[in-house]
Amino acid sequence: MIRLDGVTKTYGGFGLDVDVELGNEITAVIGPSGSGKSTLLEIVSGFETPDSGSVFLNDRPLDGVSPEQRNIGMVFQRPTLFPHLPVRENIEYGTAISDDEIRDLCELLEIDGLLDADRSPETLSGGEKRRVSVARAIVTDPDALLLDEPTTGLDEPIRRRLKYELRCVLADLDIPCIYVTHDQNEASVVADSVAVMRDGTVLQQGSYEEILESPRNEFVADFVGIENLIRGEIRETDSGRTVVDTGVAWVEPEPTVLDDGNVSKSDVCVGILPESVTVTENTRVDGGRRTQTRPHRFDGMPINSIDCTVERVISERGSQTVFLDCGLSETFKAVVNSGVTVNEGDDVAVEFDGSDVVVV
Amino acid sequence: MIRLDGVTKTYGGFGLDVDVELGNEITAVIGPSGSGKSTLLEIVSGFETPDSGSVFLNDRPLDGVSPEQRNIGMVFQRPTLFPHLPVRENIEYGTAISDDEIRDLCELLEIDGLLDADRSPETLSGGEKRRVSVARAIVTDPDALLLDEPTTGLDEPIRRRLKYELRCVLADLDIPCIYVTHDQNEASVVADSVAVMRDGTVLQQGSYEEILESPRNEFVADFVGIENLIRGEIRETDSGRTVVDTGVAWVEPEPTVLDDGNVSKSDVCVGILPESVTVTENTRVDGGRRTQTRPHRFDGMPINSIDCTVERVISERGSQTVFLDCGLSETFKAVVNSGVTVNEGDDVAVEFDGSDVVVV
Amino acid sequence: FGGDYTFFGLLGAILAVYLLYPFVTFFAGAQGNGISVADFTRPEVISAAKYSLTTAPISTAVATAFGVPLAYFLSRSEFRGKLLVDSLVILPLVLPPVVGGVLLLTGFGSFTPVGQVANSLGLTLTDSYIGIISAQTFVASPFVVITSRAGFDSVEEYERASRSLGKGPVETFFRVSLPLTSGHILAGVALTFARSIGEFGATMMTAYNPHTMPTQIWVTFISRGVYATLPIVAVLVTFGLAVVVGIR
Amino acid sequence: FGGDYTFFGLLGAILAVYLLYPFVTFFAGAQGNGISVADFTRPEVISAAKYSLTTAPISTAVATAFGVPLAYFLSRSEFRGKLLVDSLVILPLVLPPVVGGVLLLTGFGSFTPVGQVANSLGLTLTDSYIGIISAQTFVASPFVVITSRAGFDSVEEYERASRSLGKGPVETFFRVSLPLTSGHILAGVALTFARSIGEFGATMMTAYNPHTMPTQIWVTFISRGVYATLPIVAVLVTFGLAVVVGIR
């Protein structure tokens, strides 16, 4: 367990102010550049000293403990393998282990072919370097492991495999792992829980699903991929339903959170995942006459349904991404099945279920 | 139109050998690092001279034409805005334009707020810098535009918007745009067609859909995201059907391409997109007895269906990614709807339609 | 960085103290040896300052005018013999200045062909302004070439941007490369100037007369002892400090 | 790079030719002035070579032994007065060597407190081996400090890796930092050695006798003319070339 207890650090115009507890699981720290992710790692690893507050590792305070005495493993953005030592000596730099142990470890990380002779780390591919640097970090049996964007700079297919394999290896360690990344997909694959940072603070911490279901604010929602964020105002309709009036449609979350005291302001933002949307043709040729279908309407306004025009359709990997002009300031995005026929220029309606709507 | 006619370039251990024609559309060039993407751009832009062959721009040969006389715009990986010139002077570096024109351009790129006074490019955010560098490149009305990973280093939410907006701006130019990226999703969003490079050659060129439907080889299939690639052998079953025997199941593409002369070798690889797979529970409690359901079987072997165990389920953005152990050397990956209930450790069957199988 | 570097600090402090100590003893000792403000206006001090301050700027200007284009050419072009020119540019840095002086004498001395041609035109290439400048330029020009080149090496992508926007190499050089590398070039100019004004070994050979400041220090030291050099030393130390602060 | 850089090449060629020409005239002229292989074995040549080759390695070793720890300390630690030490380390580079010699005389001359203590112990700090070494060390040590420091600045992340694997600062220094920066340090050692062996201005002050190679060039030039310096000049030019090739 790692606990940061009122840790602050100021330098230049930047200030870190963090108060979190991370269990024996993999926590992804995500956030834009400059949000303090790396500073957080530097404070936990001991390379930076906080201005105030303390770091605890399994309830042992780390104040004044130098990096080499913390027993915290690190995997850096650049693999930082020692170029003057062969692969095996790199792995055993922290502690010498038996031939059997090293073989097991390398099989686990699929780098067993790299121990031959005096192979230099500079002859390794990008993916191999990362694996070796993970092996080097976990061979010392650390009490915690910090990883700083370990897949940066790798080609996509290699990265795709590595992140899943890292997940498996790290989960088996059963120690706190902090995994800094700027890619929310990577966060969801590798980590058990996610901490979203901005401007030096942790905005929200929880499982990826929890954050998707109730993001704390617009920034978090956008960062985890709730790309359709529409501003509106809470109002009661003539018939007594409480909805968010977005100007182009009413949005009614279900179960309603608008009048249960959880939302106190009247200007809110509703968020809908592109994947939670269906797109239906909005015009029907009806005996030669085109009539618009209005699937969900109430008091003259569409509910949980917006009329729009298809701007662009992109087919990819079993699905289509549809960009839509809904008369809003931002393009609306929907991910639909390959089977659905949508063409650029079509007038369509997007529909979504009230239960898929988040309010922030 | 840009045509590279037998263009070769050798240096160090690396050789480029390219013969392609790119129309007035956006072509994404994807491929691993070191595949020659950047060298291709350098030869088209004139900063490198090919060892042999010629580059043609709208049928005009560019041999011996210096970069500044080619009228080819460039957007670099680093934004390379001139730090000693204000934003507006950066945009007008290539050619001075009227206030109205520059205002229209900046509105299009959503950077109209940046022209005020003598704002220095160093005060801009990463996303703004990219937009300004695109504005600077297109203001000279170039005959072609080259973009070298223009979204690198941006935070995910910014990158997501920028790539779609780039798509819209570039498509309106109606000139050949070469867009180098290592991200196949970005390629599919931005480009009309894709060229996959490896080891200095273009392996395949076509629309993203075409490549997904018939990738030329395993490398291309993997690179565009057909992550489940299973090796097998073509054989005829006792009942005369031609299938790929993967050891754990028979795979039967539909329409069959195995005996129509298109596939000449007997050792092949079948590819299935993670998004084209359904996962069904494999055990049914039947009056207290567990019986296995075998949805598609033939001559005792499952067809287009593999028994496996769930290794890990990751929920994200309206779908779940399921990693499965099928007794193959690689983990099988399926992306299924959020509604499907799968738990780690479950015995399940993955099924896929013969029409979703590609053979390489 | 969170570590204990006392061990390195203690070893390093010995060198730091060794480098600092002579400054302290000199300025402390000069006070105790009756050197006054009046000594700063002695005719030989004024004369040496005049010669140094009229030659070093010219040497620096010449080194910059030709060294910056050379640096740019080396940074951008591949040609046969490039390695030779690269080495030639560093050589005066690692060569003892007296050697530089000897070499220059054989190239431009009064009895060499070049020297005789110059004489017939009324120019004296040694023991003259020109002799001082030729020694300073030979010894000091590498600084501006090396630092400018490092600057030019770092702005290639900006130049590509300029070229792709339709600007040729010369326009690109003046509108992009030069402004972006002005920091590097200025640092090189400062170092070249410092080296020029402090030049002693080569100048002793090519122009013992008229005395520049370093030559005058030698002459004063021989005739009147070490503390009598204070006025010139003080001026040169001040210059040195200004350059060190300037290039940071 | 696909461009026409003739303009820059022509300007730059003027400086390149100016730097090359004296080498040609010297070695061509020496041949025509009856300098033979026998001159290489003249007693004053042997003696000067002996003094230079026994002092420069010691100066280099001293500068390295204390300069590398100083560089490391400056690279890793923040402390009050760091800017002062940073400047102090560059200062001898931009200061005229004669000034360095004057300063050293006031610190270690025979009539200074330090000099007198040394005398009573039987050590002469000026006009001796020690005088040569003290001048060379003062003037040449900045090279090894500056290049080593650039090296140490570039390996911080490797050190963090080592520290995170349980190794303390000293073990990390010897197992990681030192091997990874050996290239930088060797370049610094080469430059320091070249500067030491070529040292003239400061050595003239602190140890005119015994003559090192540069001093001997001066003495020979005064007494026997420029071409008589060929043996020592040839040795020093060869050294210089070796260093230039070595640091590439």
Side-chain angles (χ1 to χ4, degrees), chain C residues 1 3-5 7-9 11-12 14-16 19-23 25-26 29 66-67 69-70 72-73 76-77 85 87-88 90-92 94-99 102-107 112 138 141 169-170 191 194 198 200-201 204-205 214 217-218 221 226 229 233 236-237 240 243-244, chain D residues 1 3-5 7-9 11-12 14-16 19-23 25-26 29 66-67 69-70 72-73 76-77 85 87-88 90-92 94-99 102-107 112 138 141 169-170 191 194 198 200-201 204-205 214 217-218 221 226 229 233 236-237 240 243-244:
Chain C
F1 191 74
D4 189 354
Y5 293 100
F7 170 70
F8 303 100
L11 275 178
I14 295 173
L15 181 60
L19 295 180
L20 180 63
Y21 175 69
F23 289 91
T25 53
F26 180 80
F66 298 103
L70 181 60
Y72 191 63
F73 190 71
R76 289 291 169 273
S77 289
V85 179
S87 306
L88 193 62
I90 305 179
L91 202 50
V94 298
L95 222 52
V98 266
V99 170
V102 165
L103 299 177
L104 284 169
L105 274 184
T106 68
T112 62
F138 185 86
S141 57
V170 175
L191 289 170
F200 175 60
M204 288 279 273
M205 299 284 172
I217 289 178
W218 170 247
F221 164 67
V226 65
T229 62
V233 169
L236 290 173
V237 168
V243 169
V244 167
Chain D
F1 193 74
D4 190 352
Y5 293 100
F7 170 70
F8 303 100
L11 275 178
I14 295 173
L15 181 60
L19 295 179
L20 180 63
Y21 175 69
F23 289 91
T25 53
F26 179 78
F66 298 102
L70 181 60
Y72 191 64
F73 190 71
R76 289 292 169 272
S77 289
V85 180
S87 305
L88 193 64
I90 305 178
L91 202 50
V94 298
L95 222 51
V98 268
V99 170
V102 164
L103 299 177
L104 284 170
L105 274 185
T106 66
T112 62
F138 185 86
S141 56
V170 176
L191 288 170
F200 176 60
M204 288 277 274
M205 298 285 172
I217 289 177
W218 171 247
F221 164 68
V226 65
T229 62
V233 169
L236 290 173
V237 168
V243 169
V244 167

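Labels below follow one simple rule: chain letters A, B, ... track the order of the sequence lines, proteins then strands, and each chain is numbered from 1. None of the values given here were measured: they were computed from a predicted structure.
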Colleague: Go through D:V102, D:L191, D:V233, D:L104 and name the one with the most non-hydrogen pairs under 4.5 angstrom from chain C.
Modeller: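 Answer, by heavy-atom pair count under 4.5 Å with chain C: D:V102.
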Colleague: Answer with side chain, backbone, both or neither: which region of D:Y21 has an atom nearer than 4.5 Å to a non-hydrogen atom of chain C?
Modeller: side chain
Colleague: When heavy-atom pairs shorter than 4.5 Å are enumerated against chain C, which of D:I90, D:L88, D:I217 gives the highest number?
Modeller: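 The residue among D:I90, D:L88, D:I217 with the greatest pair count is D:L88.
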Colleague: For chain D, which candidate among C:P69, C:A194, C:A16 shows the most heavy-atom pairs at distances under 4.5 Å?
Modeller: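 Most heavy-atom pairs under 4.5 Å with chain D: C:P69.
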Colleague: Heavy-atom distances under 4.5 Å only: say whether C:V243 touches chain D with side chain, backbone, both or neither.
Modeller: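 Side chain only.
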Colleague: Is it the side chain or the backbone of C:L105 that comes within 4.5 Å of chain D heavy atoms, both, or neither?
Modeller: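 Side chain only.
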Colleague: I need the minimum non-hydrogen distance between D:V98 and C:P214, along with the two atoms involved.
Modeller: CG2-CB, 3.6 Å
Colleague: How close do D:S141 and C:L19 get, counting heavy atoms only, and between which atoms?
Modeller: OG-CD2, 3.9 Å
Colleague: Which heavy atom in D:V99 sits nearest to a heavy atom in C:L236, and how many Å separate them?
Modeller: CG2-CD1, 3.7 Å
Colleague: Measure the shortest side-chain to side-chain distance between D:M205 and C:V226 over non-hydrogen atoms and say whether it is less than 4.5 angstrom.
Modeller: no
Colleague: What part of D:L95 lies closer than 4.5 angstrom to a heavy atom of chain C: side chain, backbone, both or neither?
Modeller: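 Only the side chain of D:L95 comes within 4.5 Å of chain C.
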Colleague: Roughly how far, to the nearest 0.5 Å, is CG of C:L11 from CG of D:L70?
Modeller: 9.5 Å
Colleague: Quick one: what part of D:L20 sits under 4.5 Å from any heavy atom of chain C, side chain, backbone, both or neither?
Modeller: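 Contact with chain C is through both the backbone and side chain of D:L20.
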Colleague: Relative to chain D, which segment of C:S87 carries a heavy atom at a distance below 4.5 Å: side chain, backbone, both, or neither?
Modeller: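 The answer is both parts of C:S87.
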Colleague: Given the options C:L103, C:T229, C:V237, which has more heavy-atom pairs under 4.5 Å with chain D than any of the others?
Modeller: C:L103
Colleague: Work out which heavy atom in C:I14 is nearest to a heavy atom in D:F66; give both atom names and the distance.
Modeller: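 Looking at all heavy atoms of both residues, the shortest contact is CD1-CE2, 3.5 Å.
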Colleague: Identify which part of D:P92 has an atom lying under 4.5 Å from any heavy atom of chain C, answering side chain, backbone, both or neither.
Modeller: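 Side chain only.
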Colleague: What part of C:F221 lies closer than 4.5 angstrom to a heavy atom of chain D: side chain, backbone, both or neither?
Modeller: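 Only the side chain of C:F221 comes within 4.5 Å of chain D.
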Colleague: Taking all non-hydrogen atoms of both residues, which atom of C:F138 and which atom of D:F23 are closest, and how far apart?
Modeller: CZ-CE1, 4.0 Å
Colleague: Would you say D:T25 and C:T112 make side-chain contact, with heavy atoms under 4.5 Å?
Modeller: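 D:T25 does not reach C:T112 side chain to side chain.
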Colleague: When only pairs under 4.5 Å are counted, which of D:G240, D:P22, D:G198, D:G67 shares the most heavy-atom pairs with chain C?
Modeller: D:P22
Colleague: Compare every heavy atom of D:F200 with every heavy atom of C:G201, then report the nearest pair and how far apart it is.
Modeller: CA-CD2, 3.4 Å
